[in-house]
Number of protein chains: 2
Amino acid sequence: MPRKHSAADAPLRLDNQICFAVYSAAHAFNRVYKPLLDRLGLTYPQYLVMLVLWERDDVPVKDIGEKLHLDSGTLTPLLKRLEAAHLVKRTRSSEDERQVLIALTPQGQALKDKARAVPQSILAASDCSVSELVAMKDEIVALRDRLNAVIGE
Amino acid sequence: MPRKHSAADAPLRLDNQICFAVYSAAHAFNRVYKPLLDRLGLTYPQYLVMLVLWERDDVPVKDIGEKLHLDSGTLTPLLKRLEAAHLVKRTRSSEDERQVLIALTPQGQALKDKARAVPQSILAASDCSVSELVAMKDEIVALRDRLNAVIGE
DNA sequence: TCACATTTAATTGTTCGCAATTGAATGTGG
DNA sequence: CCACATTCAATTGCGAACAATTAAATGTGA
């Protein structure tokens, strides 16, 4: 009775790993987003930062980091690039000089209108109903939060 | 009737984006994996390459790239680091000298036994039944494949 | 056979992502 | 008031990830 794989190896098989499903799905999203975001002059992580700022402007770096689960080592250079692109302004808070507040420029605000086309294109590319996507999103978020709970945050 | 957000903005809200759910879940996985893989001396992408090689040894770089959706720009330096760690051997194929074949060293093979503990720890961290995880994985893979179909691969 | 296209890795340059450290500003206990 | 810890952003260094290019090997058609 020949077997291609040992049963003991099943947990190590690539196709059985949910982490690889998530990892490769994230890269697939990135590739779908790329041509859309190129038109806005943004990378995907930059787009995420803009999403945060379009919801609430003039926030410290730390708040952005908490929402996106990113630290200053990632955000500081990214925000400097957004500033070089004239989409945001970085200013030290006068109340607390440790903080740097990130505010949208008029161009940064204006980009929001062009960005509205993006979620529509992604929905189309997903080839899936909105309700299915919402259900999946909620499941994935729940899993993510359980993982984050383990590493204590 | 004051509203915090315009309904027209709903598609742009961070928490409504499945892509961000996937993106942040991938990073959460990475953080859970990190202490486990540190013990093996591997990064997460290196672990993925080892998973491929533990299933099938002595494969060209291109095959690894197709399974993991990565290109030579990512894999070449990664494989050189695995070679420097004495886990793999890189040799030009004699039949087709364009190809570089990746083979496990005895140490690379031996690492598989230490790696068996990893999926168990991840399962525990997920705080979720195996059947639920399998169902989620299949959904995410299906979504990923639909996205990949759009960008043509 | 020979020009030409294709395939395969490697290389270069840019941007993330994170650990670890630094330095300045702020908060706190004695 | 002052030593001390904490907070916050910036910096440094390393490892992905990918686009674009290069170079060598191989395949193909006239």
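Per chain, numbering begins at 1; letters A, B, ... match sequence-line order.
- In this structure, A:Phe29 places its CZ atom 19 Å from C1' of D:dC18, rounding to the nearest Å.
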Report task. Walk me through it: do B:Tyr44 and A:Tyr23 pass the test ring-ring contact (aromatic ring centres under 6.0 Å, His included)? Result -> CA-CA 10 Å; B:Tyr44 180 68; A:Tyr23 168 90; 5.4 Å; yes
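- A sub-4.0 Å separation between OP1 or OP2 of D:dT11 and a side-chain N or O of A:Lys80 is present.
- In this model, the phosphate group of D:dA16 is approached by a side-chain N or O of B:Arg81 to a distance below 4.0 Å at OP1 or OP2.
- Residue A:Thr76 places at least one side-chain N or O closer than 4.0 Å to OP1 or OP2 of D:dA10.
- Across the protein-nucleic acid pair, A:Leu37 atom CG and D:dC18 atom P stand 15 Å apart, rounded to whole Å.
- Rounded to whole Å, atom C1' of D:dA16 lies 18 Å from atom OH of B:Tyr47.
- Close to D:dA17, at under 4.0 Å from its OP1 or OP2, lies a side-chain N or O of A:Tyr23.
- For A:Arg90, a side-chain nitrogen or oxygen approaches OP1 or OP2 of D:dA10 to under 4.0 Å.
- Of the two residues near DNA chain D, B:Ser94 and A:Pro60, the one whose nearest nucleotide lies more 5' is A:Pro60.
- The side chain of A:Arg98 lies closest to C:dT26, out of C:dT6, C:dT26, C:dA9.
- Out of D:dA24, D:dG15, D:dA17, the shortest distance to the side chain of B:Pro45 is found at D:dA17.
- Here B:Pro77 lies out of heavy-atom contact (under 4.0 Å) with every strand.
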Item checked: Check against salt bridge (Lys or Arg N to Asp or Glu O under 4.0 Å), A:Arg98 and A:Asp96 -> CA-CA 5 Å; A:Arg98 289 171 302 184; A:Asp96 185 343; 2.9 Å; yes
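- Remark: B:Gln99 is not in phosphate contact with D:dT26, judged by side-chain N or O atoms under 4.0 Å from OP1 or OP2.
- Contact annotation: B:Gln46 does not reach the phosphate of D:dG15 (side-chain N/O to OP1 or OP2, under 4.0 Å).
- For C:dC18, neither phosphate oxygen OP1 nor OP2 lies less than 4.0 angstrom from any side-chain nitrogen or oxygen of A:His69.
- Residues A:Lys34 and A:Asp63 both approach DNA chain D. Their nearest nucleotides, taken by heavy-atom distance, put A:Asp63 toward the 5′ side.
- As a whole-Å value, the separation of B:Glu95 CD from D:dA24 P is 22 Å.
- Using a 4.0 Å heavy-atom distance criterion, B:Asn30 is classed as making no nucleic acid contact.
- Taking both residues in full, the closest heavy atoms of A:Cys128 and A:Leu123 are given as O-CD1, 3.8 Å, listed atom of the first, atom of the second, then distance.
- Among D:dA16, C:dA9, C:dC18, the nucleotide with an atom closest to any side-chain atom of B:Arg31 is C:dC18.
- Separating the CG atom of B:Leu68 from the P atom of D:dG15 is a distance of 19 Å, rounded to the nearest angstrom.
- Phosphate contact (OP1/OP2 of C:dA9, side-chain N/O of B:Arg92, threshold under 4.0 Å): absent.
- Here NE2 of B:His69 is found 5.5 Å from CG of B:Asn148. Values are rounded to the nearest 0.5 Å.
- Applying the 4.0 Å criterion to OP1 and OP2 of C:dT14, one finds that A:Thr43 has every side-chain N and O outside that range.
- Between the CD atom of A:Glu97 and the P atom of C:dA25 there is a distance of 7 Å, rounded to whole Å.
- Distances shorter than 4.0 Å separate none of the side-chain N or O atoms of B:Lys62 from OP1 or OP2 on C:dA10.
- Distance A:Tyr33 OH to D:dC18 P: 16 Å, rounded to the nearest Å.
- Note: CG (B:Leu78) to C1' (D:dC14) measures 13 Å, nearest angstrom.
- When all heavy atoms are compared, the tightest approach of A:Trp54 to A:Gly108 is NE1-O, 2.9 Å.
- With hydrogens and angles left out, the side chain of B:Ser72 and the base of C:dA10 share a donor-acceptor pair within 3.5 Å.
- Positionally, the nearest nucleotide of DNA chain C for A:Leu70 lies more toward the 5' end than for the other of A:Asp96 and A:Leu70.
- Scanning all heavy atoms of the two residues, the minimum distance from A:Ala10 to A:Asn16 falls at O-ND2, 2.8 Å.
- Side-chain proximity of A:Asp71 to the nucleotides D:dA25, C:dA9, C:dC18 is greatest for C:dC18.
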Point to revise | Intermediate values then yes/no, ring-ring contact (aromatic ring centres under 6.0 Å, His included), B:Tyr47 and B:Tyr33 | key: CA-CA 10 Å; B:Tyr47 173 69; B:Tyr33 267 102; 5.7 Å; yes
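- The residue B:Leu75 sits apart from the nucleic acid: no heavy atom pair falls under 4.0 Å.
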